[in-house]
Asker: 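Can you keep this structure in mind? I'll have questions shortly.
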Amino acid sequence: MRRMTDGLRARLAAGGLAGVVLATGCAQLATPSAGRFTVRSLQAGLSRAAEFLKPSVVAVTVEPVQPAGTDANPSAEGGSPAPAPVHLTGTILTPEGHVLVPGRYKSDYGGRIEVRLGVDVYPARPVRSSDTLNMTILKFRPRAPLRPLDRRPSTPPSAGEWMVMVVPTVTADAEERFVFPMVSRGEIAGAYRRHLVEAMPGEARGAPVADLQGRWAGIFDGRMVVVARDFADDLEQMLREVVSAAATGGVMVARGWLGVSIEPVNRDLARRRGWPPTAIWVTHVAAGSPAQTSGLRAGDVVTHVNDRAILLYGARATEFFFQTLGHRPGQPFRLRVLRNGAPIEIAGQLGRRPEPETLQAEDLGLTVQTVKDYDVFHRSLFVERGVLVTAVEKGSPAATGSAFGRTLLMPGDVIVEMDGRPTPDVTSFRAVLDDLRARRAQVVLIRLVRGRSTDFEALNLTLGRAGRRNAP
Amino acid sequence: MPRCWVGGVGALSAAIACGAAITDDISDDVVRRVDPSVVAIQHERAAGSGFFITEDGYLLTNGHVVRGNDEEDPTQPARSITVVMYDDQKLPARVIGFSLDPDVALLKVDPPRPVRPVEFANPREAHVGQVCFAVGTPVGLKRTYTRGILSNIERADLGTETRVFQTDAAINPGNSGGPLFDREGRVLGLNTYAGRGQNLGFTIPIDVALVLKDHFLRHGRFIRALVPIFLTSELYDELARAFEVERGILINYVLPGSAAYRAGLRDGDILIAVDGRPCSARRRVELLDFEWEQSIRTPGESVAYTVVRRTPKGVTNLTVRAQLEAMEPLPTMGRHAGELVETRIEAIGLGVLPIVTAHRILHALPDDRGVLVQTVQPFSAAARATLRKLDIITSVAGRPTPDVSSFIAALESNLAAHVSEIEMDTVRGRRRLPTALAPPYPLAGRRVAWVAVTTNAAFADLIRRELLADGAEIRRDVEASLDGVILVADRAVDLAKHDGLADSMGKVWARGGVIAAVGPAALFAIERVPDLRKKKMTTDPVLSAEVKRLGGRYTGGAMVADGRWITATGSDRASVRAFARAVRRALWALDSPPEEPDDADTPTTPTD
């Protein structure tokens, strides 16, 4: 007996039989010794998984930022206390120091981000984030090459299956790596499947998760384990872009763009019309977009994306739509839609989302962008050409009326005329601005559309930071 | 030369007294004169102050003191208003009219003897620094006098429709609606508790209140005059310089297609005269004064606007003519609670409003004709249909629904036919989305008789619609096999004319059906179905003695549901809504075993 168990233990340690024993053993081994064996196998699997993960995690601390120039709590008495830093777990992706963390941090993130490796603390910066994955790749410079996680994904876990997570926990003088076993409560469907597990400490967010065979099963997002098999390809793609960008000097990669606005179909309407209840209604197709080029129209009802049927409802259906569609400009897409009840295939290529022409007019205290078809639809604008105000700087001419607390112009306003000249786009707006500057104009009349109605405001250009230039 | 109260000690003290007016007492004489005019006002939810303006008992207070809490009809005032006079005499009061902005209400009591009305000051002669005093019931403390000065007489930045006065006389919750007197005891205005800062009280000038009083007496509501629709702005310094004018009022927007547009006004015109009289607003308070003067004119009058217009060719003056119209009822906007009554069907969780022009501008709604979604109750069929407040419903099952009556008619015919998914087209901003409403019809299969002899069609329709939307079959004829009989009547005697009604009701009751009656109809029911007399009920309170004489159990209250017998006073929407809910529940529960009785000392027979 002892020889057999010793032998088995040896083989388990070598990682050979474990899968077979654990998968089939529990049902068949009903004797007390079998029970002890199962528990020991479980413990062995847990420690194997932990050993697999331990070298490839780091503790990450992110300091939150407030937007510049604003107060989180504007009041006569002063601001609010600074929000606490956020502790996360990062997964090492490359020996050079690329780390995967949950959440989206843009490359111009204003707060401090630090990576803790043993006793050493390193500053890190975000290099690439993904909206669909809701994850960011950070980069720091380690003293020695790191051990990246072996990212060959395991078979997706099942409900009731045991998994393991390693979470680095930072105290004043040390960094410990704790092992958290967990059990899947059940799977949640989606383009990226997730498994519900028990509650975990906040800093566990981002931790990689392994199965008892010691293979990578997923990433813990704070509430659930996102299945590695489903997003591994997208992650590798993102990493490749980051590494190649670094090699070529860091070109920003744009996201693939289709140019549609969608809403899940009302289930009762779908039943009446004979559509699948999980279908998606196209509410708008942006002018000049790949969607328009491909022949997609508002009113089309989408049932399949890239040959995958949409089988989810509500917000998960729209999430599935965008995640399955693809992320890269140039990537081909296929949609199956119902038009007037008849199925049609739509095919095309994702494009690049056009960046709106933006201008920061410092003299006025306004940030504006040319109104695009997208804005007209999403903001329900009543005017199709003009410049849209997206920000108004406090204390500037655009902000200063005679009543405190009410700015003359507001985000959402569309400026159609300035100084008596039409401003259908940023270029014409800039031309008028240059002219005002040259003339040292003290007052400028702006004609804008707010909601449905027209309004006129006259800005006093002797106010604000640039104002002294125009003083009489 | 201000009149000074002299303490009677000689010329020197007289001179000192005149010069140091702020430290003068308010004379006993003045207090005695004004005291009887000021009242406390109380109702089921709030309290405030007021003052008499006529000997026969008309009094003014703030609109918000007497507003009701009918969610669907903001024009309803509070129900049981009591006026408490200075000598603690209590009188019931009725509301003649009320408005939330300007915040004025006119009430009437019937005093046994003539009361002392206030005297009015001329608000146009008010000046900053003038001594004034307020009288009212701050935090319930009756007949409290507080004193201060007029801190400002041109307050135009509170979002109110008219300018208001500002005082540092202490104005606390409870002072609302009370008078602000000048030192002679003449009313300058009505006080409103504003709730911000210290020593910042606001007063509506009495001339504004008296205009509203006239409107309430004549029409029951304040009817503004306008040429629809153009929006104006004051020409603040930079705007005047930019437009190169010294005087005038900016017309910043003219609604295309409206009467103002057709008359010839355009965005950017500077209004310089009305009916030949020059006008100008360089400050907000001047704009409010101008707008007020125009809105209190008479609808139907012609008006001429002279404007200055800048065109590429140069500057021109032109005069356009138009006719003033009565403004449409207001939607909820700013302090105005609005005057639009919602049509709500709880059974599907949907309430709608008619769309008025003000809605379209306020909420930037497109021009589509339809009804405006006002209420979507959570977890209802309307919520499942993903309807949202401010959606416009333009058609129901393919039929266009440009107004509330066509919407309700289309909806009712689909509900009566138990259509499982009622298609609707909706407009939300630039989105056009079809959806479908799937009512659960929990009362499908239930058949009820509906007998309504009442002038209050709105309440009767409310009940009938709820039953219809739940899927009940509603019939006019009463017969023994029905699941329920619902009676609505202004007078019990009106129901006596229905042949066989009493007989069939008795049979329905005996077979285990529901009997439900609103107002005096309940009296008819207990007269004709003696078994009902054992059960608790309510009705119009004036009939309670009759009920007791018949041996009925009058418990009072707005609505009483005692098993399968349901009654309500029907005097307000809340009781009618409660009634409708109780009837729906009772019909739904008909197949279930009877509930335990709540009243421990009332034994009920097993068949109840």
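The shown structure was predicted, so the numbers you read here are calculated from the model rather than taken from an experiment. Per chain, numbering begins at 1; letters A, B, ... match sequence-line order.
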Asker: Check the pair D367(B), R452(A) against salt bridge (charged side-chain N to carboxylate O under 4.0 Å, His left out), reporting the backbone distance first and the verdict last.
Answerer: CA-CA 10 Å; D367(B) 287 323; R452(A) 282 187 71 139; 2.9 Å; yes
Asker: Only one of D267(B), V254(B), L231(B) passes side chain to side chain contact (heavy atoms under 4.5 Å, CB included) with T454(A); say which it is.
Answerer: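 For T454(A), the side chain to side chain contact (heavy atoms under 4.5 Å, CB included) test succeeds with only one of D267(B), V254(B), L231(B), which is D267(B).
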Asker: Chain A heavy atoms under 4.5 Å from V427(B): which part of the residue, side chain, backbone, both or neither?
Answerer: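 For V427(B), neither part sits under 4.5 Å from chain A.
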Asker: How would you list, in number order, the residues of residues 276-290 of chain A that have a heavy atom less than 4.5 Å from chain B?
Answerer: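 Listed by number, the contacting residues are W281(A), T283(A).
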Asker: Just so I understand: if I count every heavy-atom pair under 4.5 Å between each of D419(A), V444(A), L381(A) and chain B, which residue has the most?
Answerer: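 Sorted descending by pairs with chain B, the first entry is L381(A).
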Asker: Checking heavy atoms, do the side chain of I446(A), its backbone, both or neither come under 4.5 Å from chain B?
Answerer: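 Answer is neither: I446(A) stays 4.5 Å or more from chain B.
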Asker: Is there a donor-acceptor pair closer than 3.5 Å between any side-chain N or O of D268(A) and the backbone N or O of T435(B)?
Answerer: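 No; judged by distance alone, with no hydrogens or angles, the pair does not exist.
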Asker: Are the side chains of E238(B) and T462(A) in touch, meaning some heavy atoms are under 4.5 Å apart?
Answerer: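 No, side chains not in contact.
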Asker: With chain B as the partner, which of A298(A), S453(A), G451(A) has the greatest number of non-hydrogen pairs under 4.5 Å?
Answerer: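 The residue among A298(A), S453(A), G451(A) with the greatest pair count is S453(A).
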Asker: With chain A as the partner, which of P434(B), A385(B), A438(B) has the greatest number of non-hydrogen pairs under 4.5 Å?
Answerer: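 Result: the option with the highest number of such pairs is P434(B).
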Asker: Select one option (side chain, backbone, both, neither) describing which atoms of V265(A) are under 4.5 Å from chain B's heavy atoms.
Answerer: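 For V265(A), neither part sits under 4.5 Å from chain B.
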Asker: For R450(A), is it the side chain, the backbone, both or neither that has a heavy atom under 4.5 Å from a heavy atom of chain B?
Answerer: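 Neither part, no heavy atoms under 4.5 Å.
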Asker: For a quick test of reading the model, state the closest non-hydrogen atom pair linking R384(B) to N266(A) and the distance between them.
Answerer: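 Closest approach of R384(B) to N266(A): O-ND2, 2.9 Å.
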Asker: Check whether R273(A) gets within reach of chain B through its side chain, its backbone, both or neither, counting any heavy atom under 4.5 Å.
Answerer: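 Answer is side chain: those atoms of R273(A) sit under 4.5 Å from chain B.
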Asker: Who are the salt bridge (charged side-chain N to carboxylate O under 4.0 Å, His left out) partners of R421(A), not counting sequence neighbours?
Answerer: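 R421(A) satisfies salt bridge (charged side-chain N to carboxylate O under 4.0 Å, His left out) with D435(A) once adjacent residues are dropped.
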Asker: Is it the side chain or the backbone of E457(A) that comes within 4.5 Å of chain B heavy atoms, both, or neither?
Answerer: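 Both backbone and side chain of E457(A) come within 4.5 Å of chain B.
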Asker: Sort out for me which of R241(B), E423(B), R284(B), M424(B) touches chain A most, counting heavy-atom pairs under 4.5 Å.
Answerer: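 Of the options given, most contacts go to E423(B).
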